[in-house]
Amino acid sequence: MKKTVLGICLAVMAGALVFAGGAKDKAASGEDTSLLDLQKRGVFVLGLDDSFPPLGFRDDANKIVGYDIDLAQEVSRRLGVTFKAQPIEWDAKEQELATGKIDCIWNGFTITKERQAALEFTKAYLNNAQVVVVRKGDGVTALADLKGKKVAVQAGSSAQEAIDSNPAFKESLKELVMFKDNLTALNDLETYGVDGVVMDSVVANYSITVTGKPFAVLSEGLANEEYGIAFRKGDVQLRDAVQKILEDMQKDGTVTAISTKWFGADISVIGK
């Protein structure tokens, strides 16, 4: 019995070593089968924060919708695969991608030099800025007015990075409060839990327009940035295929139609 179990264990270990060796050889050869692998699986899994309107969020029927969702669904259709939106913890997004749970991060993901070194990014598809949302009538009209006040931010977001890149502003605050998502942070702003929320201008302006809440966006921002779609390092074929399809969609008017649906105009920078 013991010999049989031992034999099985040794066989499994040997198989594992062969598999690991094969994976190592593939990595060493630089072979990129990312597009073929996706097409074989037949499902394109997009990782997102599902409370990030209008790019990706849940509607009244609890269905995940949004600008990025519409783009990705059409990209998936043209790739010949099924689309799946996979909500993830935003501060663990890189780990979710690295472990293969998702195929890309596509949800208002800001392109930075550090991220480009670790991931494969498409070209920018939207411009954005990190801004501060405040309550109207509080007398806060500039970043300096937030000195000694509490400001909220989504953990692991580009907004947090923008704050960290502005040490004078960060040090002037009484407290920097971390939230799981922007919508929760805005709710805390409304109930006077915090005095401002640093977040993406695209999301801030959309939320204010849709909800009609008494908020304002400071004209003085913290950082200008661009959104891109991120894939695992080495998944160049898949990235390039998505990029080409997006450019084709821009040329044939599909992107314009989707952008107008969500923003009232074509604000895409694809192919521009």
Side-chain angles (χ1 to χ4, degrees), residues 34-35 38-39 41-88 90 93 96-97 101-111 119-129 154 157-158 181-183 199-211 225-231 235 238-272:
S34 54
L35 178 58
L38 177 75
Q39 291 172 332
R41 289 198 311 272
V43 181
F44 184 40
V45 184
L46 177 153
L48 79 157
D49 166 10
D50 61 355
S51 57
F52 200 70
L55 303 183
F57 65 104
R58 293 186 182 273
D59 63 12
D60 293 338
N62 204 37
K63 180 182 178 182
I64 298 177
V65 298
Y67 176 71
D68 284 354
I69 302 303
D70 285 355
L71 288 178
Q73 285 179 327
E74 180 60 18
V75 167
S76 298
R77 189 188 71 79
R78 298 190 187 197
L79 281 172
V81 297
T82 301
F83 169 74
K84 179 181 178 181
Q86 180 61 57
I88 57 175
W90 195 245
K93 53 191 175 295
E96 294 285 311
L97 184 62
K101 293 181 180 179
I102 58 176
D103 294 308
C104 70
I105 303 170
W106 187 345
N107 188 219
F109 194 31
T110 301
I111 301 171
L119 304 167
E120 302 290 356
F121 268 92
T122 62
K123 297 176 183 178
Y125 68 96
L126 272 184
N127 288 330
N128 182 55
Q154 180 184 29
S157 66
S158 297
D181 56 66
N182 288 308
L183 297 183
M199 59 189 296
D200 299 63
S201 62
V202 170
V203 181
N205 290 315
Y206 180 84
S207 297
I208 292 172
T209 300
V210 170
T211 65
E225 56 191 34
E226 297 175 320
Y227 287 155
I229 306 158
F231 299 83
D235 285 4
L238 178 56
R239 180 203 62 186
D240 289 351
V242 171
Q243 179 66 46
K244 183 181 185 305
I245 290 174
L246 285 173
E247 292 175 4
D248 289 343
M249 288 166 59
Q250 182 71 62
K251 292 175 183 176
D252 66 27
T254 304
V255 171
T256 297
I258 294 173
S259 183
T260 302
K261 170 185 173 181
W262 291 104
F263 301 109
D266 184 4
I267 65 171
S268 165
V269 296
I270 298 171
K272 300 177 183 178

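- Within the 3.5 Å criterion, the main-chain N or O of Ala265 finds a donor-acceptor partner in the side chain of Ser259.
- Side-chain atoms of Lys251 never come within 3.5 Å of backbone atoms of Glu247 as a donor-acceptor pair (strictly under, hydrogens ignored).
- Residues passing the salt bridge (Lys or Arg N to Asp or Glu O under 4.0 Å) test with Lys244, sequence neighbours excluded: Asp248.
- Taking the ring-ring contact (aromatic ring centres under 6.0 Å, His included) definition, one finds that Tyr206 meets it with nothing, sequence neighbours left out.
- Remark: side-chain polar atoms of Ser201 are paired, donor with acceptor, to backbone N or O of Ala129 under 3.5 angstrom.
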Using the side-chain hydrogen bond (donor to acceptor under 3.5 Å, both in side chains) rule, take Glu74 and Thr254 through it: C-alpha gap first, then chi angles, then the decisive distance, then the call. CA-CA 9 Å; Glu74 180 60 18; Thr254 304; 5.2 Å; no
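- Between Tyr67 and Phe263, the ring centre distance stays below 6.0 Å.
- Asp200 places no side-chain N or O within 3.5 Å of a backbone atom of Val202 that could act as its donor or acceptor partner.
- Note that the NZ atom of Lys272 and the CG atom of Asp266 stand 4.0 Å from one another [nearest 0.5 Å].
- Using a distance-only test at 3.5 Å, with no hydrogens or angles considered, a donor-acceptor pair links the side chain of Gln243 to the main chain of Lys123.
- Proximity of Ile88 to Leu48: side-chain heavy atoms (C-beta onward) are nowhere separated by under 4.5 Å.
- With a 4.5 Å cut-off on side-chain heavy atoms, Gln73 and Ile69 count as touching.
- For the pair Asp49 (side chain) and Pro87 (backbone), a donor-acceptor distance under 3.5 Å is absent.
- Two rings, from Phe121 and Phe231, have their centers 6.0 Å or more apart.
- Residues meeting the side chain to side chain donor-acceptor pair (under 3.5 Å) test with Thr110, sequence neighbours left out: Ser158, Glu225.
- At distances below 3.5 Å, not a single donor-acceptor pair connects side-chain atoms of Asn127 with backbone N or O atoms of Glu226.
- Between the side chain of Thr260 and the backbone N or O of Ala257 there is no donor-acceptor pair closer than 3.5 Å.
- Of the possible donor and acceptor atoms, one in the side chain of Asp59 sits under 3.5 Å from a partner among the backbone N and O of Asn62.
- Proximity of Asp68 to Phe52: side-chain heavy atoms (C-beta onward) are nowhere separated by under 4.5 Å.
- A heavy-atom distance below 4.5 Å is found between the side chains of Pro54 and Trp262.
- Residues Val242 and Ile229 are in side-chain contact: their nearest non-hydrogen atoms beyond the backbone lie under 4.5 Å apart.
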